[in-house]
There are 2 protein chains.
Amino acid sequence: MPTLDDVGKAAGVSRGTVSNVFNRPELVRPELRERVLAAARTLGFGGPDPKGRLLQGGRYNAIGFLPPGDYSIAHALRSPYGRELLVGAALACDEAGATLSVISGDTATRTASIREALVDGLVLGHAVDIGIITSAQRRRIPFVIVESDAGPDINSVKIDGKAGALAVVRHLSALGHRRFAILSIRRTAGPPIVHMPGKDKPRLTAGFSLDDERLAGFAEGLAEAGLSIGKVPIVETTPSEPTAGAVMFDRVPEATAIMTMSDWQAITVLDEARRRGIDVPGHVSVVGFDGTEEAARTSPPLTTASHDIVGKGRIAAEMVLKKRKPRQVVMPVELVVRASTGRPRR
Amino acid sequence: MPTLDDVGKAAGVSRGTVSNVFNRPELVRPELRERVLAAARTLGFGGPDPKGRLLQGGRYNAIGFLPPGDYSIAHALRSPYGRELLVGAALACDEAGATLSVISGDTATRTASIREALVDGLVLGHAVDIGIITSAQRRRIPFVIVESDAGPDINSVKIDGKAGALAVVRHLSALGHRRFAILSIRRTAGPPIVHMPGKDKPRLTAGFSLDDERLAGFAEGLAEAGLSIGKVPIVETTPSEPTAGAVMFDRVPEATAIMTMSDWQAITVLDEARRRGIDVPGHVSVVGFDGTEEAARTSPPLTTASHDIVGKGRIAAEMVLKKRKPRQVVMPVELVVRASTGRPRR
DNA sequence: CAAAAATCTTGGAGCGCTCCAAGAAATCGT
DNA sequence: ACGATTTCTTGGAGCGCTCCAAGATTTTTG
């Protein structure tokens, strides 16, 4: 590969001038510029190698994005939520003229990538692993965590999950529901886990404020209605588990209202209901979470706790792009009532 | 930011030893290693700066991905096709332990990014602009074009679009259809363009082999049925144009079969049909292209010319990741017949 | 026409790291 | 105990580039 020096030699000028030709052409006399360009063309020099510029102290002009979830990049990209979050981050990058690097792979790979990725900052789609956060801190580049408040020293953007969940329960209990079921998120790969009240103590996945917070919101809402979350069956599945609906209907047939942690899960439930000829909301009401496009297009259209996912992704990316002092942003959640919820069957 | 030298000084060893501690720890006596690590911790040194390593001659260990289409990154990510292509590329990167950089923005930005992005190779999601290809060539890194054969010297992966389109027409004409309409792709932003036969000569978007090829396939199939593509109305819309269906039904009400260039377009048509109470396939048959997940979930499920999009993305990424001599890969298309096509109304 | 001003061009000094040959230290063999 | 080995550590060379002060050249001015 020819270098600036080679081109300079060929054109009879110095390295510095060649650099100027490519980076500040207005500084170089047109005639000379042409000569240099011609030499570059002959040598097959396609412009200054970014490597060199970089070392000189430049920025990478890129940020890394770790998709939410720990399963596989395919999951993250196909999930409506993951996709919109990425869209938001990508839009922010576009506006800033930066590149977005998708960092995926297993935890080990991600950790290594965090150490070595050629990025100026990091958007952690979700605080999956404390090791990931530690690595990010060690790297000493700005980063932001989505959907986990990790304290005042760390950038974070999240929604008010508790308020959202609370609104869901209030809506359902105002409709008259008393028999609930919760479809929660299993953070590790594997089949659905069913927690029946009494039988085994619901192992509410700890350490992930996303789940915890929403569960807390559900609990509070249930308490308002004189119910205890301890009596509510909880099924934990990965966000894309296709059998989530089946497990739900098999194990908790008595529920009149199913509350979920994501639209994708709720859509799975709707699909299974259709397959079984179960009427929604006549027989059972279903509520999603996130307010994705997809939720508006199901039949019946999904009632969901909606928030601005794209905006969240964008804010996250912007926090990293223009580094300021750490902030914790909490975004509002709004219940969007559609046709998947109604009065309970009698 | 502390450097290897700083740490070395603090630990009383040389730069080289500190480098070894981080990169080949087995070469350094455990005791010394500990001392160095301790010094690094005190100084807040988080590991060797990738910048330096890079210049030394290393690889970026990343490839760039330019999403298909020229509209916006949001479009590309939300379209089922673009998403699956990205999934394929991302999976290949995961397996190779590489990072995937999404290069988006307008043509100018993309061109600049191609020149400067910190990547070892490039996947061009679609040959939108000849300038993009030129820039990629100038950069002298391996690249591959998706859905455009740019000759024997350039890597490409595409489907056999002509065969796919041909299969679509044959299927429809075997069902008895004689009155067709085509929903083609408008490559620039803007409202749908309607080409009525006779009125204005169909401006078949030239220069984009994707469209051309499929149109050629349609033409051949129509000719087999004794029809001329010159007599078939063609509507060109951007892939995500929401009014595509409406324009189609308004302007070409007589068509009994609508052939499209993507599932996304076909789904739009299906949506509009439902809105208008038009029966599919009773009143009009609709065929998609690509065979995405979404096509299987519509009602009625979509007949579509299907191919392995994820596989295509993966192959593309692999071609760039492990550079060999240029290849041109053509992947098969298979017609998947579902319920959106039937005999024409009488 | 010479001096002052404006415009161009030059090349040294790094940027932080890895590679590697050579030197230092520790271990081994007899 | 001393030379031969083996194991560690060192620091120079250089990766390709940008920055910038200084020097060279051209243009303008009095």
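Here is the naming used below: chain letters follow the sequence lines, and residue numbers restart at 1 for every chain.
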- Task: Give the minimum heavy-atom separation between A:Q328 and A:I154, together with the two atoms involved.
- Result: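 So the two residues come closest at NE2-O, 2.7 Å.
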- Message: Reading DNA chain D from 5' onward, which residue's closest nucleotide shows up sooner: B:Q56 or B:V13?
- Response: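 So the residue in question is B:V13.
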- Message: Can you identify which nucleotide, out of D:dC17, C:dC17, D:dT10, has its nearest atom closest to the B:P48 side chain?
- Response: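 Nucleotide nearest to B:P48's side chain: C:dC17.
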- Item | Which nucleotide in D:dC17, D:dG11, C:dC17 has an atom nearest any side-chain atom of A:D49 |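 Per side-chain heavy atoms of A:D49, the pick is D:dC17.
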- Message: Check this for me, if you would: do B:E31 and B:R29 make a salt bridge, where the nitrogen-to-carboxylate-oxygen distance has to be below 4.0 angstrom?
- Response: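 A salt bridge links B:E31 with B:R29.
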- Should B:K312 and B:E84 count as an ion pair when the cut-off is N to O under 4.0 Å?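 The answer is no: the pair does not qualify as a salt bridge.
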- Item | Greater than 12 external heavy atoms within 6.0 Å of B:R138's CZ |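 Not buried by this count: 12 neighbours or fewer within 6.0 Å.
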- Does CZ belonging to A:R53 count more than 12 external heavy atoms closer than 6.0 Å?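 Buried by this count: over 12 neighbours within 6.0 Å.
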- Message: Can you tell me how far apart NZ (A:K51) and OH (B:Y60) are? Round to the nearest 0.5 Å.
- Response: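 The distance works out to 4.5 Å.
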- Spacing of A:D94 atom CG and B:D106 atom CG [to the nearest 0.5 Å]: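 These two atoms lie 8.0 Å from each other.
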Given atom [atom1] of [X] and atom [atom2] of [N], what is their separation to the nearest angstrom?
{"X": "A:L4", "N": "D:dC15", "atom1": "CG", "atom2": "P", "answer": "13 Å"}
{"X": "A:L118", "N": "C:dC17", "atom1": "CG", "atom2": "C1'", "answer": "13 Å"}
{"X": "B:R53", "N": "C:dT18", "atom1": "CZ", "atom2": "C1'", "answer": "9 Å"}

- Look at the side-chain N and O atoms of B:S14 and state whether any lies under 4.0 Å from the OP1 or OP2 oxygen of D:dT10.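 Yes, B:S14 has a side-chain N/O under 4.0 Å of OP1/OP2 on D:dT10.
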- CA sep, side-chain torsions, deciding dist, call: A:S135, A:T111, side-chain hydrogen bond (donor to acceptor under 3.5 Å, both in side chains): CA-CA 6 Å; A:S135 311; A:T111 309; 4.7 Å; no
- Message: Near DNA chain D, counting only heavy atoms under 4.0 Å, which residues of residues 15-37 of chain A show up?
- Response: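 Of all residues in residues 15-37 of chain A, the ones placing a heavy atom under 4.0 Å from DNA chain D are A:R15, A:S19, A:N23, A:R24.
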- Relative orientation of the end axes in the helix from C:dC1-D:dG30 to C:dT30-D:dA1, expressed as an angle to the nearest 10° (five pairs per end):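 The angle separating the two end axes equals 40°.
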